[in-house]
Amino acid sequence: MTRLLLSLCLLVLMSSYAKAQGLHTIKGRTIDTASTTLLSGTSVAVLNAKDSTLVKFTRTTENGSFEISGIKSGKFILLVSYPKYADFVDHFTLDSTTQVKDYGKINLTGMAKILADVIIKGNRNAIKIKGDTTEFDPKAYNIEPNSKVEDLIKQFPGFQVDKDGKITAQGKTVPKVLVDGEEFFGDDPTLVTKNLRADMVESVQLYDKASDQASFTGIDDGEKTKTLNIKLKEDKKNGYFGKVQGGYGTKDFYQGQAMFNKFWGKKKFSAYGILGNNGTVGLGWDDRDKYSGSSGLTVGDDGGMYFSYGGGDDLDSYDGRYNGQGLPVARTGGLHFDNKWNKDKESINTNYKIGSIRVKGNNSVISQNNLSSGTQYTNSNEDFDKDMFRQKLDVTYELKIDTTLTMKVSVDGALKKSNSTNSFKTETTNATNDILNSSKRDLSNEVDDQNFNMNVLFTKKLKKKGRTLSLNLNQSINKSNGEGYLNSLNTSLKQTGLVDSLTNQLKENDITNNSFKLNAAYTEPLSKTLTLVMNYGLTLMNGKSDRRSFNQSASGRYDILDTVYSNNFELNQTINQGGAIFNYKKGKTVINFGSKFSGVNFKQDDVYHNRTYIRNFVNYMPQASYQYRFSQQKSFRLNYNGNTNQPSLDQLQPVRLNNDPFNVVEGNQDLRPSFRSSVNASYNSYKVLTSQSIWLSASYSFTANPIISDVTTDGVGKSTYRYINYNDKMQTNYYLYGQFGRKVKFLNMDVGVNVDVNGNSSYNFITVDKIRTLNNTKNYTYGGGLNVSKYKEKKYNFYVRFGPTYNISRVSVGSNSDGIGYSGYFYGNLQLPAKFEISSDGDYQYNGKTQVLNKSFERFIWNASLGKKFFKSENLKFSLTVNDILNQNVGFNRTATNTSISETRNTTIQRYFMFSVSWDFNKMGGVKTQK
């Protein structure tokens, strides 16, 4: 009896203490709405309403009940979650009037029936962070009838899509878009984003795609591409859909597009065609990254060197690039097919693309070279007419031989024919407007390119868990044959006055690159948390660059070889590469560290001059990374990469050119390699209940023993370039991008702010009047902006972005050029009665005056359209569009390099009116099983 009285007293005292401290209890029971089944094991969390941090957590008992005690007064959120059921979310307040918060029965509804007749309170988990992958759930965003993937991703935080469909995510361009992890027409992401229906998408993943071998081993090999993967709903993989669009406008502008897609089971077939002269080009064939960028050689990551096909040479092979400069006429089409069969053991993916593009236009450049002896002004004008026809075929076949062994074979080939004519007029004057030099040049060329690549990857899982072996074989053959004419009249100031020199030559180029690469990787688990990856690579390469210049003889034929401006180089290389990487994984932590080494034996024969150049060197590539994943919505990554940079052949032994006699490059065979170190960090965070997202990324790199230019400029504006190593200073680069966004409830808007900072510091020597001076160039850009978006279903939606930039361009020799700028973009859509709608977008750019340039630049490109939709499905639409209403679309670019500042203006597409009609068709059914 005494014990019972003591127990009762203790309970009373505890209850009194709890009331005194303001502690509360929350309880309830979870149940399936449809079957009235009690749901045991349901997770129940109490979160702070202010910042969504966890207060207390529990799981329901066998009878579905739960009770959470000891909670102080305040504002909270109750989050109840059960697999395959919609979340239950409720905001509540605990105060002195509520001792026990009893929810009673909490009815949870299965996801399959959520759209039927139940409204769930709260937000969906719109974003998940899985390691290096950020996954977006389309169900948390707004999808209009017949809207496309592009309309969906515009709503994702940290994403931007411009009028041409170019995607920027978290401050970086996204060049690749996959469908269910597979290539879909290869290298033109707009074919997916502008044509695939948004209501077919299950999820969208953003990640840095590694090579196939790196994906298998799980170890970063440095080869990454920012990638979007569109995962389709299972019930949207049977049927057909597509779109047909056409339009005609003033000034004879026109456009036409058609795309047909048929999905059945695990098969996909697609066909498309695009034509137009209004900038809709549909060409993303991006093989420029392999062999391009200099007049002689480019260097690969393994230290191997390739002869390039143009990009500064007399004969420049037009690659089909259209970046808004000039007036284009494009015709292109393609076919796609992929399939899986034999219980998914075999798969095939193939694409065929054919097309042509012609671009005509004009570029005008004003340059100012600020030297210690005075300022030199250069005006340059270019008229160009470029045409390209190309077709490309690629096939990928994958075979799972057994549960441990796979083989993947990829083959692609391309044929390209390009023609171009360029006319240049340049003039350089001094501060008193006296002519120092001038040049008139006409270039015409015709180039045939052939490319073939084959890649075979074998992957094998060995008996011990985590022990693997992979072998990658690659063969590539690339050929380019060109023929063209150079006619130039060059005038320079001499003591006797202005002196002319005339060049009239036939140019013939024959360039070939062959390479065979082998790379083997072996993974060995050393413990449950530590794995070792070892790799060995062998590369055999040979190339030929035969560039001939012929002068005209008395007979009128071009048959006199100019040995000064003719070069015939033959190149042979053997590269051995090895390395070891350690991978540590435990809990939420992943650490990689190790290094690779490559030894290069380089031999080049100068056939015309009977010289041989031999160079043997070693490249060193250390790497380390640390990743910590706090949760599905938060992660942090830090990594370091170092690499040896070898001098290019343009710096060691340049090809002699006479297309620009006022800018000459001399070789320096005593150049030594430099070493570049780079540190990168990123942090991602997303809070479900407040839709708050944070994306941060930063990098800093520095180069020791950099290769810098040593420029000598004479009194008539002729510059001679030579490259040297500079040990006393390091070149530096840095980059910072930050983005914060969240939903503002009282406005029902998504609001975001971003910061973008980048800069670099470099050095070069400048010699003027025999006085040699070290110049330090610093270029910094500080930018930021605010973006606001809102969506009101079936009424309106808009997106606005605006912010300032401040550019700093400082040189220790010459004049500084700092200036402020502004940029902005908006898009809006208003739905009117009777299925009418108004859409508009605008792009604003302002570049202010600087200490050197006393003129500012301002441009506002404003477009608008009025449309009318028909039928219940709203799949037929008529539109009247006005492009560039204010007629201000003038191409403009401002650059600063060392002591020179340039402004470029070019021909672009300006104001026109267009009437167009588009029809979306869709007949997608359920999933059919495939035997």
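These numbers come from a predicted model, not from an experiment. Both backbone and side-chain heavy atoms feed into the values below; hydrogens, waters and symmetry mates do not.
- Here the OG1 atom belonging to Thr406 is positioned 7.5 Å from the CD1 atom belonging to Ile401, to the nearest 0.5 angstrom.
- Counting only N and O atoms by type, the side chains of Asp605 and Thr612 include a donor and acceptor under 3.5 Å apart.
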Step by step, would you call Asp344 with Lys266 a salt bridge (charged side-chain N to carboxylate O under 4.0 Å, His left out)?
CA-CA 9 Å; Asp344 290 351; Lys266 296 175 181 178; 2.7 Å; yes
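- In this structure, CD1 on Ile575 lies 7.0 Å from NZ on Lys517, to the nearest 0.5 angstrom.
- If you check the side chains of Asn592 and Asn583, you find a donor sitting under 3.5 Å from an acceptor.
- What you find for Pro622 and Tyr640 is that their closest heavy atoms are CG-CE2, 4.0 Å.
- Side-chain atoms of Asn727 and Asn725 include no donor-acceptor pair closer than 3.5 Å.
- Aromatic ring orientation, Tyr700 versus Phe702: tilted (interplanar angle from 30° to 60°).
- Classification of Lys237 and Asp180 as a salt-bridged pair holds, one side-chain N sitting under 4.0 Å from a carboxylate O.
- Between the Asn229 side chain and the Gly181 main chain, a donor and an acceptor come within less than 3.5 Å of each other.
- In this structure, CZ on Phe593 lies 14.0 Å from OH on Tyr626, to the nearest 0.5 angstrom.
- Between Asn619 and Gln646, the side chains place a donor N or O and an acceptor N or O closer than 3.5 Å (distance only, hydrogens not considered).
- Ring pair Tyr613/Phe602 is perpendicular by interplanar angle, where above 60° counts as perpendicular and below 30° as parallel.
- Side-chain contact annotation: Asn455 with Asn472, donor-acceptor N/O pair under 3.5 Å present.
- Thr703 contributes no side-chain N or O that, together with a main-chain N or O of Pro706, makes up a donor-acceptor pair within less than 3.5 Å.
- Side chain of Asp402 to backbone of Leu405: a donor-acceptor contact under 3.5 angstrom is found.
- Annotation: side chain of Tyr723 is in contact with side chain of Leu671 (closest heavy-atom distance under 4.5 Å).
- Contact between Arg615 and Pro673 at its shortest, heavy atoms only, is NH2-CD, 4.3 Å.
- The heavy-atom pair separating Asn680 from Ser699 by the smallest distance is OD1-CB, 2.9 Å.
- For the atom pair CG of Asp546 and CZ of Phe569, the computed distance is 10.5 Å after rounding to the nearest 0.5 Å.
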Begin from the C-alpha positions of Phe636 and Tyr628 and carry the test ring pair (Phe, Tyr, Trp, His ring centres under 6.0 Å) through to its verdict.
CA-CA 5 Å; Phe636 171 77; Tyr628 187 81; 8.7 Å; no
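- Judged as a ring-ring contact (aromatic ring centres under 6.0 Å, His included), and not counting sequence neighbours, Tyr536 has no contacts.
- The closest donor-acceptor contact from the side chain of Thr644 to the backbone of Tyr620 lies under 3.5 Å.
- The structure places CG of Leu540 at 9.5 Å from CD of Gln475, a figure rounded to the nearest 0.5 Å.
- Not one N or O on the side chain of Ser480 forms a donor-acceptor pair closer than 3.5 Å with the backbone of Ile511.
- For the pair Phe337/Asn351, no side-chain contact is recorded, criterion being any heavy-atom separation below 4.5 Å from C-beta on.
- Under the 3.5 Å distance criterion, with hydrogens and angles disregarded, no donor-acceptor pair is assigned to the side chains of Tyr726 and Gln731.
- Separation of atoms CG (Asn643) and OG (Ser595) is listed at 10.5 Å; rounding is to 0.5 Å.
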Passes salt bridge (charged side-chain N to carboxylate O under 4.0 Å, His left out), Lys268 versus Glu182? Steps please.
CA-CA 11 Å; Lys268 296 186 185 75; Glu182 301 288 341; over 6 Å; no
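- Asn481 and Asn509 share no donor-acceptor pair across their side chains, judged by distance under 3.5 Å alone.
- When the shell of 6.0 Å around NZ of Lys465 is examined, it contains 12 or fewer heavy atoms from other residues, nucleotides or ligands.
- Ring geometry, Trp695 versus Phe136: the interplanar angle falls from 30° to 60°, so the pair is classed tilted.
- Between Glu524 and Thr531, the closest side-chain pair of non-hydrogen atoms is not below 4.5 Å.
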Check against side chain to side chain contact (heavy atoms under 4.5 Å, CB included), Glu346 and Tyr397
CA-CA 7 Å; Glu346 297 181 76; Tyr397 170 76; 2.6 Å; yes
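- Side-chain contact between Phe582 and Leu530: present, with at least one pair of heavy atoms (C-beta onward) separated by less than 4.5 Å.
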Should Glu135 and Lys231 be marked as a salt bridge (charged side-chain N to carboxylate O under 4.0 Å, His left out) after you check the CA-CA gap, both sets of side-chain angles, and the distance that decides it?
CA-CA 10 Å; Glu135 184 172 284; Lys231 297 185 69 175; 5.2 Å; no
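- Residues Thr523 and Thr468 bring a donor and an acceptor atom of their side chains to less than 3.5 Å of each other.
- With salt bridges taken as basic N to acidic carboxylate O contacts below 4.0 Å, one links Lys544 and Asp510.
- For the residue pair Lys408 and Thr396, no side-chain donor N or O sits within less than 3.5 Å of a side-chain acceptor on the partner.
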As a quick check of understanding, evaluate side chain to side chain contact (heavy atoms under 4.5 Å, CB included) for Asn453 and Val411, giving each step before the final call.
CA-CA 6 Å; Asn453 297 280; Val411 180; over 6 Å; no
For the pair Arg722 and Ser709, evaluate side chain to side chain donor-acceptor pair (under 3.5 Å) and give the outcome as yes or no after the intermediate values.
CA-CA 6 Å; Arg722 187 173 180 268; Ser709 63; over 6 Å; no
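- A donor-acceptor pair is defined here as one N or O able to donate and one able to accept, closer than 3.5 Å; such a pair exists between the side chain of Asn668 and the backbone of Asp670.
- Inter-residue side-chain proximity for Val179 and Leu196 is flagged as met; some heavy-atom pair is nearer than 4.5 Å.
- Counting all heavy atoms, side chain and backbone alike, Lys226 lies closest to Pro175 at O-CD, 3.1 Å.
- What you find for Ser697 and Tyr735 is that their closest heavy atoms are OG-CE2, 3.8 Å.
- At a threshold of 4.0 Å, the pair Lys345-Glu398 does not count as salt-bridged, since none of the basic side-chain nitrogens sits closer than that to a carboxylate oxygen.
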Applying side chain to side chain donor-acceptor pair (under 3.5 Å), run through Thr404 and Lys460 and close with a yes or a no.
CA-CA 5 Å; Thr404 65; Lys460 173 68 176 178; 2.8 Å; yes
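- By the 4.5 Å heavy-atom criterion applied to side chains, Leu462 and Tyr522 are counted as neighbours.
- At a threshold of 4.5 Å between non-hydrogen side-chain atoms, the residues Met621 and Gln577 count as touching.
- Contact record, Ile707 with Ser674: N-CB, 4.4 Å, taken as the closest heavy-atom pair.
- Side-chain atoms of Ser476 and Ser515 form a donor-acceptor pair, as typed in the model, at a separation below 3.5 Å.
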Go through Asn535 and Lys596 one step at a time and tell me if the side chain to side chain contact (heavy atoms under 4.5 Å, CB included) criterion holds.
CA-CA 8 Å; Asn535 84 287; Lys596 294 180 181 179; 3.9 Å; yes
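- Looking at Ile153 and Leu228, their side chains come closer than 4.5 Å, going by heavy atoms from C-beta outward.
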